[in-house]
Amino acid sequence: MDFLSKKARAIAPYTAGEQPRDRKYIKLNTNENPYPPSRAAAEALRVFHEDDLRRYPSPDADGLREAIARAHGVKPENVFCGNGSDEVLALSFPAFFDGDGAGACFADITYSFYEVFARFFGIPQVIVPLRADFTLDLSAMRAARCRGYYIANPNAPTGVGIGRAQMEQFIASVPDRLVILDEAYMDFFGESCVPLTARYENVLVVRTFSKSYALAGIRCGYAVGNAALIAGLRCMKDCFNSYPVDAVAQAVCCAAVADKPYYDGVIARVVAERERLRAALCSRGFTVPESRANFLFAGRAKVSARAIYEGLKEAGVLVRHWNRPVICDFVRITVGTREQDEALLAALDRILADHSA
Ligand SMILES: *Cc1c(COP(=O)(O)O)cnc(C)c1O
């Protein structure tokens with residue numbers, strides 16, 4: 001007997017970057033932060049009282065929503081929290097799109113979870129190819145027939161970013177369509193559209209604690225938008241899971257958002273190291289689009305990206321490679337500490353020397 005549904009048998013799920021346990025790797029494959037979370041967040045974890053595990057947490061993460069609202073200068077009613085921004089994005093599909101309506105529009109090369117969610121929820125997809133230089137074709141997206149958009153800004157896995165002014169122009173030009181901005185990497189760019197959520201009812205910004213906050217293990221993400229959009233997300237959440245953000249995550253993330261000075265320092269270090277690593281890759285003959293995120297997308301003529309991925313893995317350095325048209329000639333490299341990146345470059349030099357021998 002096959003007890004699985006047709007959906008479970010047919011759907012191809014998202015594949016997350018590998019988290020191997022077989023040996024100790026320099027992990028530059030899932031865009032984790034190489035620096036630790038803030039001391040305030042660690043302290044919140046240390047003083048967390050076990051009696052708070054006995055009871056259910058606040059279903060809507062009220063304290064955390066207040067802390068996030070304060071940090072962004074919005075109201076708690078403008079914030080929705082979920083179990084990672086992946087969950088927030090997942091809930092947004094049934095909240096804002098219908099199976100029999102105009103679809104969700106996104107780029108061919110972007111966060112591949114959008115496509116999985118659209119298929120899972122039966123939402124039509126309108127795919128717009130990136131331009132040859134990996135920039136988003138906003139005029140083609142504007143011309144597409146759709147109900148709304150998913151735009152990762154900066155984009156994954158290319159790292160290419162769109163400034164706030166250009167994004168505002170786009171948002172203003174499609175007032176009857178919802179623009180969902182996935183700002184997972186925005187802290188490394190500093191052009192967030194969160195301030196636009198007060199002025200445009202058609203913007204929802206989704207963010208995460210996993211990258212700039214160095215809290216990927218805690219699983220927490222959030223959305224900022226007008227109260228009607230937030231109510232739509234809450235309605236979907238309450239159909240799946242009343243308590244997606246656990247008590248520990250609420251306490252730790254509250255402390256983290258309040259520690260802006262620490263995170264400003266971490267972000268500045270990652271950005272400086274990103275520029276240093278990009279220059280080092282370019283000087284080795286790699287093509288690397290300018291990145292606004294905490295990773296670089298690098299390809300090199302004459303050496304296949306697959307061979308680079310495999311050679312690095314053998315050398316104990318993990319990066320990410322996709323066997324997909326357009327992007328199969330590139331690897332995505334998370335910016336690590338200076339020491340980690342030096343080890344990566346040394347391993348790359350050995351691989352390149354082997355290939356030219
Ligand atoms: C990492 C990432 C996310 C997911 O973040 P979580 O909060 O860890 O679920 C969402 N969008 C993009 C583009 C990402 O790279």
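Numbering of ligands and ligand atoms starts at 1, following listing order.
- Scanning the protein heavy atoms around atom 1 (C) of ligand 1, the nearest turns out to be Lys211 NZ, 1.4 Å.
- Figure legend: cation-pi geometry between Arg269 and Tyr35, with NZ or CZ positioned under 6.0 Å from the six-membered ring centre and within 45° of its axis.
- The N/O atoms of Asp182, backbone and side chain alike, include one that comes under 3.5 Å of an N/O atom in ligand 1.
- The Arg219 neighbourhood of ligand 1 comprises atoms 6 (P), 8 (O), 9 (O), with distances under 4.0 Å to a heavy atom of that residue.
- Note: no N/O pair closer than 3.5 Å links Tyr111 and ligand 1 by distance alone.
- In the vicinity of Gly84, heavy-atom distances shorter than 4.0 Å reach the ligand 1 atoms 7 (O), 9 (O).
- Here the protein heavy atom with the shortest distance to atom 5 (O) of ligand 1 is Ser85 OG, 3.0 Å.
- Atoms of ligand 1 lying under 4.0 Å from any heavy atom of Ser210, numbered from 1 in the order shown and given with element: 6 (P), 7 (O), 8 (O).
- If you run side-chain contact (heavy atoms from CB on, under 4.5 Å) between Leu136 and each of Ile151, Val128, Val160, only Ile151 comes through.
- Salt bridge absent: Glu273 and Arg338 never bring a charged side-chain N and a carboxylate O closer than 4.0 Å.
- When each of Leu344, Leu348, Thr334 is tested with Val319 by the rule side-chain contact (heavy atoms from CB on, under 4.5 Å), just one qualifies, namely Leu344.
- Taking a 4.0 Å cut-off on heavy atoms, Glu87 fails to register as neighbouring ligand 1.
- For the pair Thr30 and Gln19, the minimum side-chain heavy-atom distance is below 4.5 Å.
- A salt bridge is absent between Glu314 and Arg350: the closest approach of a Lys/Arg side-chain nitrogen to an acidic carboxylate oxygen does not fall below 4.0 angstrom.
- Within the structure, ligand 1 lacks Asn31 among the residues with a heavy atom less than 4.0 angstrom away.
- The closest approach between any non-hydrogen atom of Tyr185 and ligand 1 is below 4.0 Å.
- Assignment of Gly221 to the shell around ligand 1 is not supported, since no heavy atom sits closer than 4.0 Å.
- Below 30°, between 30° and 60°, or above 60°: for Tyr185 and Phe295 the angle between ring planes is above 60°, a perpendicular geometry.
- Between Asp187 and the choices Arg292, Lys260, Arg207, Lys211, the salt bridge (charged side-chain N to carboxylate O under 4.0 Å, His left out) rule is met once, by Arg207.
- The atoms of ligand 1 that sit less than 4.0 Å from any heavy atom of Thr208 are 5 (O), 6 (P), 7 (O), 8 (O).
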